[in-house]
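Values below: every heavy atom of this structure, side chains too, minus hydrogens, waters and symmetry copies. Since the model is a prediction, treat every value here as computed from it, not as a measurement. Lettering of chains follows the sequences in order, A, B, ..., and the numbering in each one begins at 1.
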Amino acid sequence: MSSEKTTSGKPDSGPEASASRTSVNLGQVAMSLERTVARLKDDSRLEGRDVNAYLRALGSILRRVCLDLEAAQPSRIISEELPGITTELEVVTKEVFGATEKILESAEVIDQNAGENAAVADAVMQIFEACSFQDITGQRITKITSALRSVETRARATSAAVDEGIDADLRRDLEALDRVKQGDAALLEGPQTSGGSSQDDIDALLAEMDAGPSTG
Amino acid sequence: MAVDLNMPVMIVDDYKTMLRILRNLLRQLKFTNIEEATDGAMALDMLRQQKYGLVISDWNMEPMTGIELLRNVRADAELKSLPFIMITAESKTENVIAAKQAGVSNYIVKPFNSETLKTKIESVLGAF
């Protein structure tokens, strides 16, 4: 059980102690709530029946959250699954790069020996054009790898919240993920799957900017 | 006025494969003098050492991006009139506007074909 595991061997601390820490430990929060409920029960001055029931329910929810988070096995995702996916993606990138280079080498040899044959020259041109897929797929894989790193950081945070608390390094990583990119950096997103402009859209926009005074 | 196909053309991209593809496509368009740089800083150094007739640059590079290279080119008294085409996968309207405001001569979105490349070079340099 996660709450037992997370609280065993740790000093008995109330909500005040938890609040003063920079870490978040859901198991400890749940235990603190349970202790608060117990104190409310013993205090005859308080008409605490409603508060009591509410806090008990809250403690139960938190305990359930801890169990759910543990069931999601964030530690396994971090240590086993994500590194495997990243490695696979690196292999894919390397293999695609190698294959593209071989295709280009062969196309160059054909090109050099094509002479004045227009059909061969045209076919070679199309091979060159098609090989630009490697650049696009490379950028897409880079985006995926970056997204996986973000997932890894958030999974580490989830795991730490259940087990040990979030340390300063992890907090910094999380803040970096949440930081909004500004300036030129905000413009770099790589290939678009939706929301991007076509070459025709771009040509029209450039023509409009050339013609109109309002674009500054 | 016909384009001088022997003029030095600078291509800038951090993907070696893309440089190779661009070089081959430009050769097919009969350009004979093509030089390569793998990021904006390297390109700027080369542009300050020799006279070029055209720059074709990627946007997303480190440490100096294509748009930073463009701004440096436009801010340099010797280079400010240099034709500059951006070839990039960045296809959002904001990107096109930023590039235009920085002084780009034309903008090609990846993936592209040789016909688009030819058309955009012609729009900048004239027919060839």
Side-chain angles (χ1 to χ4, degrees), chain A residues 93 96-105 107-108 110-112 114 118 121-140 142-143 183-210 215-216, chain B residues 13-30 40 58-62 64-71 85-120 123-124:
Chain A
T93 306
V96 169
F97 174 77
T100 309
E101 288 292 303
K102 277 183 192 164
I103 292 167
L104 284 171
E105 270 171 36
E108 285 168 358
I110 295 168
D111 191 31
Q112 284 154 18
D122 187 50
V124 168
M125 183 90 94
Q126 287 184 43
I127 292 172
F128 291 143
E129 288 172 6
C131 283
S132 67
F133 85 96
Q134 192 261 334
D135 180 34
I136 302 291
T137 52
Q139 290 191 48
R140 287 196 193 285
T142 301
K143 279 174 87 171
D184 283 351
L187 293 170
L188 292 176
E189 283 200 4
Q192 305 285 300
T193 48
S194 63
S197 305
S198 68
Q199 185 66 52
D200 286 345
D201 294 336
I202 289 167
D203 292 347
L205 178 59
L206 290 175
E208 194 180 311
M209 291 181 77
D210 279 336
T215 51
Chain B
D13 201 306
D14 56 350
Y15 271 76
K16 291 254 166 70
T17 306
M18 201 62 218
L19 284 175
R20 193 170 184 171
I21 290 166
L22 264 176
R23 179 165 25 90
N24 279 302
L25 290 174
L26 288 168
R27 277 215 307 248
Q28 293 247 344
L29 295 176
K30 308 299 181 197
D58 183 30
W59 182 316
N60 194 348
M61 301 176 291
E62 289 181 346
M64 186 189 286
T65 65
I67 191 119
E68 288 168 338
L69 170 63
L70 173 59
R71 289 187 189 124
I85 296 176
M86 192 80 82
I87 295 191
T88 176
E90 307 292 342
S91 61
K92 290 181 298 178
T93 304
E94 305 93 277
N95 292 77
V96 184
I97 291 171
K100 185 66 181 172
Q101 288 175 341
V104 80
S105 309
N106 219 315
Y107 196 103
I108 299 175
V109 65
K110 294 176 182 174
F112 63 97
N113 58 33
S114 60
E115 191 53 42
T116 302
L117 180 62
K118 183 170 189 273
T119 305
K120 299 309 169 196
S123 78
V124 171

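Using a 4.5 Å cut-off between heavy atoms, B:Y15 contacts chain A through its side chain alone, with no backbone atom that close. Neither the backbone nor the side chain of A:D201 comes within contact range of chain B; no heavy atoms are under 4.5 Å apart. In this structure, chain B has a heavy atom under 4.5 Å from the side chain of A:T100, while its backbone stays farther away. Contact annotation for A:L205: only side-chain heavy atoms (C-beta onward) come within less than 4.5 Å of a heavy atom of chain B.
Comparing B:V96, B:V104, B:I67, B:D58 by how many heavy-atom pairs each has under 4.5 Å with chain A, the most go to B:V96. Comparing B:I108, B:L117, B:T65 by heavy-atom pairs within less than 4.5 Å of chain A, the highest count is held by B:I108. Of the listed residues (B:T116, B:T93, B:N95), the greatest number of heavy-atom pairs within a distance under 4.5 Å of chain A belongs to B:N95.
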>> Test side-chain contact (heavy atoms from CB on, under 4.5 Å) on B:E115 and A:M125; report intermediate values, then the result.
In response: CA-CA 10 Å; B:E115 191 53 42; A:M125 183 90 94; over 6 Å; no
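A heavy-atom distance below 4.5 Å is not found between the side chains of B:T17 and A:D135. Between B:K120 and A:Q199, the closest side-chain pair of non-hydrogen atoms falls below 4.5 Å.
Shown here for A:D203 and B:Y107, the closest heavy-atom pair between the two residues is OD1-O, 4.5 Å. Shortest non-hydrogen contact noted between B:P111 and A:I136 is N-CD1, 4.0 Å.
For the side-chain contact (heavy atoms from CB on, under 4.5 Å) with A:F128, the lone residue among B:Q28, B:R20, B:R23 that qualifies is B:Q28.
Annotation: the span from B:I97 atom CD1 to A:I202 atom CD1 amounts to 11.0 Å, rounded to 0.5 Å. Residue B:T88 holds its OG1 atom at 6.5 Å from CD of A:Q139, rounded to the nearest 0.5 Å. B:E90 CD to A:S197 OG: the interatomic distance, rounded to the nearest 0.5 Å, is 11.5 Å. Atom-to-atom distance recorded for A:F133:CZ and B:I21:CD1 is 8.5 Å, nearest 0.5 angstrom.
A salt bridge does not link B:K16 to A:E101: none of the charged side-chain nitrogens sits closer than 4.0 Å to a carboxylate oxygen.
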